[in-house]
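Everything on this sheet refers to the single structure shown next.
In this text, all values refer to a predicted model and were calculated from it rather than measured experimentally. Chain A is the first sequence line, chain B the second, and so forth, proteins listed ahead of strands; every chain is numbered from 1.
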Amino acid sequence: ACSGGGDDSGAPKAAPTDGTLTVGLLGDIGQPPDPDVYYANNGLAIVLNTYEGLVQYADDKDSVEIAPRLATTWDVNADNTVFTFHLRQGVTFHDGTPFTSAAVKVAFDRRTAVKGGAAYMVEGVKDVATPDDLTAVVTLSAPNSAFLDYLASPFGPKMESPTALAANAGSDDTQTYLQTHDVGTGPYTIAAAQPGTSWTLKRYDGYWGDKSPFTTVQLPIYTDASALQLAFDHGDVSAVVAALPSSSLKKYEGSKDYASYLLPTLQSALVTVNPTKEFFKSQQARLAFLQSIDQKSLVDQVLGNRSEPATTLYAKGMIPGGADKQELTYDPSVMEAYAKTLPAGTDMTIGFASGNTNAEQMANIQAAKLQALGIKATAASYPTSQVFGWINDPTQGPDAFFDGNNGPDGGSPYMWGHVFWDASGGINYFGCEVPEVNAQLDRAVATGDDALYVAAAEEYAKTGCYYNLSYNKDWVLAQKWLTGVEQSHNIGANELDFSKLGIAQ
Amino acid sequence: MSAAAAPTAVPAPTASVRDLHVSLERGGVRSEVLRGVDLDVARGEIVGLVGESGSGKSMLALSLLGLLPETARPHVTGRVDVLGTDMAHGPESARRAARRSALGAVFQDPMTSLNPTMRIGRQIVEAGQDRDGAVRLLGAMGVPDPELRFRVYPHELSGGLRQRVMAAIAIAGRPALVVADEPTTALDVTVQAQLLALLRELRDDLGCSVLLITHDLGVAAQIADRIAVMYAGRLAEVGSTAQVLGAPAHPYTAGLLRSRLSLTLDRSRRLPTLVADTLTPADRAHGCAYRARCPLAVDRCATAAPGLDDSRPTPGHGAACWFGDETVRAATATITAPAPAAAVPVRATPSTPSTQGPAVVLDDVAVTYTTGHGRRRRTVEAVRGVSLEVAAGQALAIVGESGSGKSTVLRAVAGLVPVTSGRVTVAAGGAQMVFQDAGSSLTPWLTVGETLRERLAPLRLGRAETTRRVEEALAGTGLPTSVARLRPADLSGGQRQRVALARATVVRPAVLLCDEPTSALDASLAATTLNLIRDMRAELAMTVLFVTHDLAVARFVGDRIAVVERGRVVEIDDAEAVVGAPREPYTRALVASVPEIEVVR
Amino acid sequence: MSTVVLPRRTARPVITGRGRTGRRAAWVLVGLLVALTLLAVLARFLAPDDPIQPVAAPQLPPGSPEHLLGTDSIGRDVLSRTLFGLQTSWFSALAVVAVGLLVGGVVGVAAGVGGGWVDAVLMRVTDLFLALPSTLVAIALVAALGPGLRNTLLGMSIVWWPYYARLVRAEVRSVVARPHVEAARLAGVGRGRLVLRHVLPGVVPTAVVTASLDIGNVVLLLAGLSFLGLGQPAPAAELGADTAAGTQLLLSAWWVPVVPGVAVLVLSLVANLAGDGIRTLLGPRR
Amino acid sequence: MLRFLLRRTGALAVVLLVLSAVVFLLQQISPGDPARAALGANASRQAVAAERRRLGLDDPLPVQFLRFLGHAVRGDFGTSYRTHRPVATDLATAFPATLELVLAAFVVALLLAALFAASSALSWPLAGIGRGVLLVVATAPPFLLALVGIVVFYAHLDWLPGSGRGDGGPGSELAHLVLPATVLAIAPALAIGRILRAGLEATLAADHVRTARSKGLGQAAVLARHVVRNSIGPSLAMAGLQLGFLFAGTVVVEQVFSWPGMGNYLASSIPTSDYPAIAAVTLVLGAVYVVVNTLADVLQTAADPRLA
Ligand SMILES: Nc1ncnc2c1ncn2[C@@H]1O[C@H](COP(=O)(O)OP(=O)(O)OP(=O)(O)O)[C@@H](O)[C@H]1O
Ligand SMILES: Nc1ncnc2c1ncn2[C@@H]1O[C@H](COP(=O)(O)OP(=O)(O)OP(=O)(O)O)[C@@H](O)[C@H]1O
Ligand SMILES: [Mg+2]
Ligand SMILES: [Mg+2]
Ligand code: NI
């Protein structure tokens with residue numbers, strides 16, 4: 001991992017001549033890069049460059065827009081129950097077998113069998129019909145307007161070679177094999193896997209699409225952010241995607257030696273309020289608290305250019321026209337008044353996930369603000385595993401929680417509303433839910449009716465449990481010679497499509 | 001400073017020391033430990049070097065070997081010459097070569113002087129022998145089964161055998177000079193005698209010279225051709241054995257000779273002792289260091305130090321004193337034993353057993369020690385069936401070789417070890433003990449006063465009375481009351497022994513147990529302590545049990561003597577009877593091995 | 001039966017020389033420790049700003065008169081945080097060592113004085129604890145209990161006392177074996193008094209020296225746990241946690257991790273040296 | 001000797017049993033939910049409940065412990081919640097990496113310790129400065145030291161690689177070892193060095209060394225035959241102890257140097273409450289620690305015949 005070097009740090013680094021692209025990962029990718037298992041972030045690059053789904057989100061756009069991938073066109077019936085996909089011709093899996101409509105059902109079935117975190121995406125599939133090799137007709141048991149978003153999600157179903165799956169099935173649906181191999185159609189294939197150390201991808205020469213000049217992609221794993229940053233400065237790493245802390249941003253922004261990109265995502269910084277705590281028993285108190293957050297300056301100070309203050313309840317561009325307006329205005333006097341009604345020295349805790357510096361800063365700044373109002377507020381960190389345990393007993397949690405970066409699996413407003421507002425959604429840490437909102441969301445997803453989504457959001461906003469602070473961006477840091485960075489990134493996947501990258505002449 | 005005192009009779013000495021000054025640093029303070037020493041060791045000669053503890057004997061020996069402790073940053077001036085090699089200032093390689101070929105050394109403690117992690121055979125071979133030679137040498141040193149012993153580690157040998165191994169190492173390289181620094185102090189009298197004989201044989205067989213260091217004039221008398229007496233870093237007297245012992249020309253030598261115990265001493269008299277030294281190290285730096293203790297001291301002694309030449313009674317005999325040997329002899333002979341500081345009246349020893357019942361009765365007492373756990377568990381039958389009776393007011397001395405169980409008997413009487421079988425009865429008033437090493441038997445961080453008060457605490461006497469009793473006890477042992485505020489580390493060895501005695505007697509015990517209280521002290525200090533014990537015994541009418549390995553001491557202190565061998569009493573009788581007509585072979589050996597000074601006049 | 005001898009505790013002076021100059025240096029070192037303690041105690045008076053609240057723009061470089069050592073990632077005064085962190089770290093380390101010394105001391109004295117089966121039982125238990133890899137168990141313990149100063153201290157105390165138990169027992173036994181104890185017993189000194197007056201004073205120097213040398217170790221271990229996210233949770237100021245949290249900024253705002261890191265170093269160094277100093281002052285072991 | 005070894009083995013088994021009980025109990029009292037941790041943020045509550053059942057987390061404690069023990073004995077530490085691989089498989093790659101690092105660090109530590117002790121005991125010139133530097137460096141927080149090491153030797157001087165374990169060639173592997181091993185070694189080096197120096201100083205002043213000198217042996221022979229072996233006993237025990245600390249130290253050092261070993265594995269497992277992984281690492285490293293200390297004990301006995 002340490003070739004080159006010797007040149008003065010600061011000067012732009014020379015492009016590789018051996019066709020090797022080195023993308024530094026921060027931290028072990030965790031789970032195996034098996035598309036039906038992988039449900040984390042920093043290893044997505046491997047999954048997304050070795051596998052492809054039927055559709056994807058459009059590259060280089062800051063709004064939600066479904067684009068073709070292995071399906072070139074698709075039709076959806078009126079009540080969102082039958083999806084007909086016309087598949088791309090001339091696609092082969094990495095084992096050389098051709099990609100046909102039969103693979104669609106196999107992939108859906110495997111996802112159900114493996115029961116990974118994103119298995120819910122195919123739960124509603126009643127039937128997959130294959131009238132011909134290049135047509136797949138998916139029938140759902142219930143209407144679902146978000147189904148295409150499931151398929152476009154980076155965690156969505158990916159096409160896997162039925163032959164290879166069968167050949168390596170073992171006793172666990174090929175899970176063991178896929179820990180270090182892949183059976184996809186993507187532009188790259190896994191050449192060497194040293195879990196915890198590094199991954200090596202090799203260009204798949206039978207790929208149907210454009211080929212990049214990079215015959216090999218190295219993904220060394222760094223476990224320390226500073227070490228990764230040093231390796232990048234040194235030229236040992238070509239690009240770093242969304243791994244470095246915002247605090248380092250200043251150094252690279254506007255640098256003439258490095259290229260720094262801020263690319264759109266569906267992620268947000270959020271505040272979640274815990275209604276089970278004495279402090280926030282009343283809706284009035286919760287809303288007062290949210291109003292005491294100086295959103296604009298907080299986002300500005302902590303996240304800087306990495307994000308912009310959110311003005312909608314859903315992610316940016318999810319509801320065309322931004323009808324889901326977030327009606328919270330900064331007004332600390334409400335909180336001040338509320339504070340006066342409390343016994344002197346009442347304390348409350350603002351939590352954040354340990355290691356998340358952005359959230360830590362925001363929590364601290366907000367705590368300071370509350371202290372100025374006479375409330376004994378403290379910011380406290382919690383390990384991730386503990387954070388996800390609160391749902392079982394929300395009283396164990398803090399009074400409010402700052403999330404530096406979180407978002408749904410895909411671009412449908414339903415996916416957003418479900419994870420954040422439904423207590424069973426996963427990121428509703430304190431189980432603050434409104435049955436009516438859940439029902440509204442369920443109705444909305446059947447039809448895809450934006451008005452219903454907006455109504456649900458507005459209803460939920462009244463709880464005072466939720467504040468969408470910012471629209472976050474991915475910070476991609478690359479050497480000057482790397483081209484095509486924007487074009488290889490889409491709003492859903494916080495990763496680059498390596499096949500679209502190139503070397504500046 | 002002083003001129004060479006080379007005797008004309010010895011043409012080419014093996015070793016020659018001229019005007020040697022050595023200063024060492026300890027705790028940041030530099031002190032001069034040798035202050036102008038001149039000494040020759042002739043070819044084939046045994047020179048005995050005697051002197052009290054701290055007089056610089058070992059430093060002289062180490063100077064000869066060129067092994068002064070580096071950590072003490074030695075400064076050396078003067079000349080040390082061994083067979084033409086300058087051991088003081090020569091290059092290290094030359095000195096090493098001299099050590100290898102010309103010198104051999106036997107050090108005091110045989111356990112620590114041998115490398116515990118190396119088989120003894122290898123340690124001998126290392127000193128310049130081949131394997132067969134080393135085995136032969138071991139045999140020659142009187143080590144039984146040399147082939148077998150060749151492969152053992154030092155800890156598997158007894159002290160006597162270890163010292164023989166040391167001797168073997170010392171002569172393995174066929175040295176011209178063997179430096180033996182107190183080779184016998186750690187040994188039994190019987191073993192000690194064997195080792196001395198061995199040294200003499202070495203000289204006779206190999207023709208090497210020996211510098212034998214000892215603090216016991218008797219040991220020197222046994223084998224030395226010449227004797228050098230050291231005092232405070234200088235030679236006080238040097239001459240042939242007959243000259244030094246027969247006609248001591250320095251008051252210090254004379255004093256040492258007189259305070260020696262012998263088997264023929266008059267038991268009814270106090271032992272003569274030297275006056276305690278009052279000079280500070282600074283005072284010693286100029287003038288005669290002995291002047292404070294010297295009965296002959298004159299003003300001149302405080303300003304100028306006499307050289308060995310200043311009194312030359314006979315050829316080859318020198319003494320660092322302004323006066324001639326006649327004056328010295330006359331002056332020292334007439335002085336009677338000085339009275340103790342507290343001026344306790346000397347009473348006759350109650351030599352006849354009183355008519356009261358016995359104060360101590362041991363009835364078939366056995367004591368067994370167990371050591372270690374599990375696999376390493378061992379039992380030692382230290383005492384196996386001892387029956388004794390000591391009448392009230394009587395003194396019993398217990399003698400025996402090391403490990404024979406003497407201390408164990410005392411500890412059983414004191415109740416410090418449980419007896420395995422049999423019975424121990426002690427008269428009302430209980431027993432108190434004075435331990436061998438007084439220093440370590442005093443709690444280091446408590447002042448003398450606190451230590452003594454602790455004994456009085458159960459009596460609930462009240463503050464003033466307690467203080468009075470403490471002062472009384474100190475005075476009774478000849479210590480100033482100011483000592484009460486000091487800690488043991490601030491006291492000299494003799495003072496500590498007195499404090500221990502004061503602690504034992506501040507509340508009068510029925511029985512006083514003494515476990516070799518004098519063996520760590522030099523002749524004069526030992527004599528002082530023995531006198532004190534006798535006085536206190538008389539005054540407080542105590543029964544005394546006194547353990548010693550020195551028959552002369554036993555005879556002096558004990559009305560009766562019990563000889564212990566391997567946990568059994570083999571002989572018990574009146575002191576004179578045991579010494580005069582020993583029945584047991586072991587007792588006879590003991591009597592024979594007491595180094596006597598046959599005064600040659 | 002014993003698994004580990006504890007030679008770590010018998011280290012010798014490092015920098016102090018011999019003799020009087022050594023004693024003077026020793027006093028200086030102990031003085032440094034006292035000064036550091038004072039700094040920790042008086043943190044709230046000495047610190048120019050609130051350690052928890054942001055008081056200025058983030059990542060201000062050191063050197064400005066208002067913020068001598070700059071500000072951290074969210075604009076808190078680094079000097080103030082370091083002073084308060086010193087307090088937390090210092091007193092945490094003291095607490096761990098004190099608990100270790102107390103528990104270990106009681107166990108050690110009981111075993112050393114009691115002997116026999118008391119000794120056997122206590123030492124078996126101690127050995128068991130000793131045989132466990134202490135740092136790992138502390139990590140696992142804190143990982144399980146959840147981070148927080150209380151849990152961290154609890155975890156560390158649990159793994160820390162056995163060292164002292166062994167050490168104190170060994171010392172007690174060596175003191176008990178010295179003739180003066182037997183002499184005192186014969187002189188009629190009662191059991192309690194014997195232990196208090198004739199045994200314990202002989203044990204204290206070694207224990208104190210060891211403890212002071214150990215404080216440095218505890219400070220470092222605390223810092224290490226904080227690095228793993230197992231230490232004092234934010235926002236409380238603790239040197240290890242601050243250094244660890246700041247390492248991300250090493251390249252963009254070096255003073256944020258370096259200042260508390262250097263404070264850890266100084267604390268641990270001074271504790272180490274003062275340990276040596278105390279050893280020198282308490283004199284050579286008899 | 002055989003009985004001694006048997007006894008030690010027995011003691012080892014007891015310690016490991018206690019260790020596993022401790023580890024197991026720690027899992028139980030921890031507040032996080034492993035099932036949730038396994039499934040990730042967006043999993044539904046029903047999925048989590050199912051996962052709990054699947055993992056047997058609802059069984060009574062003794063049952064869980066026995067299952068845990070039974071599996072551990074067979075080298076089966078379960079499947080990592082995080083990596084979805086058998087923990088044993090993960091350890092099979094991580095353990096050699098850690099072993100390599102620790103052994104290298106151990107060698108460095110011994111070398112430094114020997115230098116430290118010898119330079120002081122034999123009063124080498126200028127050695128005081130080196131000792132001072134070692135003392136200061138050894139009291140720095142290890143992660144800061146590691147980072148500063150990377151900044152200096154990798155980023156600025158470009159002498160050594162800054163992270164990873166090297167790719168292929170032995171030269172590269174060795175180069176990658178230097179920094180992490182040195183950082184890891186420094187604190188133990190000081191600890192061992194201090195003991196060794198105390199031992200050396202005591203031995204150098206010992207009577208038997210004087211005896212050896214009186215034989216006319218040269219300095220080298222005296223040191224080799226009479227000093228080193230006699231001084232080494234307590235240092236061996238210390239070295240054993242420090243080897244244990246080295247393994248624990250990898251948790252921090254491996255993370256900074258992206259060294260793919262057990263420490264790194266543990267550090268990534270802690271935030272996700274990946275108990276099978278945490279338990280296995282603690283158990284394995286604990287076992288190594290115990291074995292190493294037993295070995296140090298045996299070695300010490302071998303070095304000093306008096307202890308036998
Ligand atoms: N390493 C040292 N540093 C400083 N002074 C020392 C050192 N060793 C001995 N001395 C001092 O040197 C003087 C002479 O000591 P030396 O050992 O030669 O006496 P000695 O006559 O052999 O006594 P002993 O009969 O007790 O062995 C003593 O005052 C002693 O305190
Ligand atoms: N505490 C003990 N534990 C085990 N064995 C002991 C203990 N004390 C003495 N022994 C052993 O008991 C035997 C008798 O010892 P004791 O001390 O009574 O002998 P001693 O005649 O006083 O010898 P010395 O003249 O050397 O003082 C010796 O073999 C000794 O090794
Ligand atoms: Mg001597
Ligand atoms: Mg005895
Ligand atoms: Ni002179």
**Study point:** Among D/Val14, D/Thr139, D/Val288, residue most engaged with chain C (heavy-atom pairs, under 4.5 Å)
**Key:** D/Thr139

**Study point:** D/Pro141 to C/Gly261 - nearest heavy-atom pair and separation
**Key:** CD-O, 3.6 Å

Check your understanding: At a heavy-atom separation under 4.5 Å, does D/Ala138 approach chain C through its side chain, its backbone, both, or neither?
Key -> backbone

Check your understanding: Does D/Phe153 CZ have over 12 foreign heavy atoms under 6.0 Å away?
Key -> no

Check your understanding: So which of C/Leu239, C/Val264, C/Val219 has the biggest tally of heavy-atom pairs under 4.5 Å with chain D?
Key -> C/Val264

**Study point:** Interface moiety of D/Val251 toward chain C, non-hydrogen atoms closer than 4.5 Å
**Key:** both

Practice item. Please report the shortest heavy-atom distance between C/Leu265 and D/Ala140, naming the atom on each side. Key: CD1-CB, 3.4 Å

Review point. What part of D/Leu266 is in contact with chain C, defined as an atom under 4.5 angstrom from a non-hydrogen atom: side chain, backbone, both or neither?
Key: side chain

Review point. Taking C-beta and beyond as the side chain, do C/Leu273 and D/Leu135 meet within less than 4.5 Å on heavy atoms?
Key: yes

Check your understanding: Side chain, backbone, both or neither: which part of D/Val151 has a non-hydrogen atom closer than 4.5 Å to chain C?
Key -> side chain

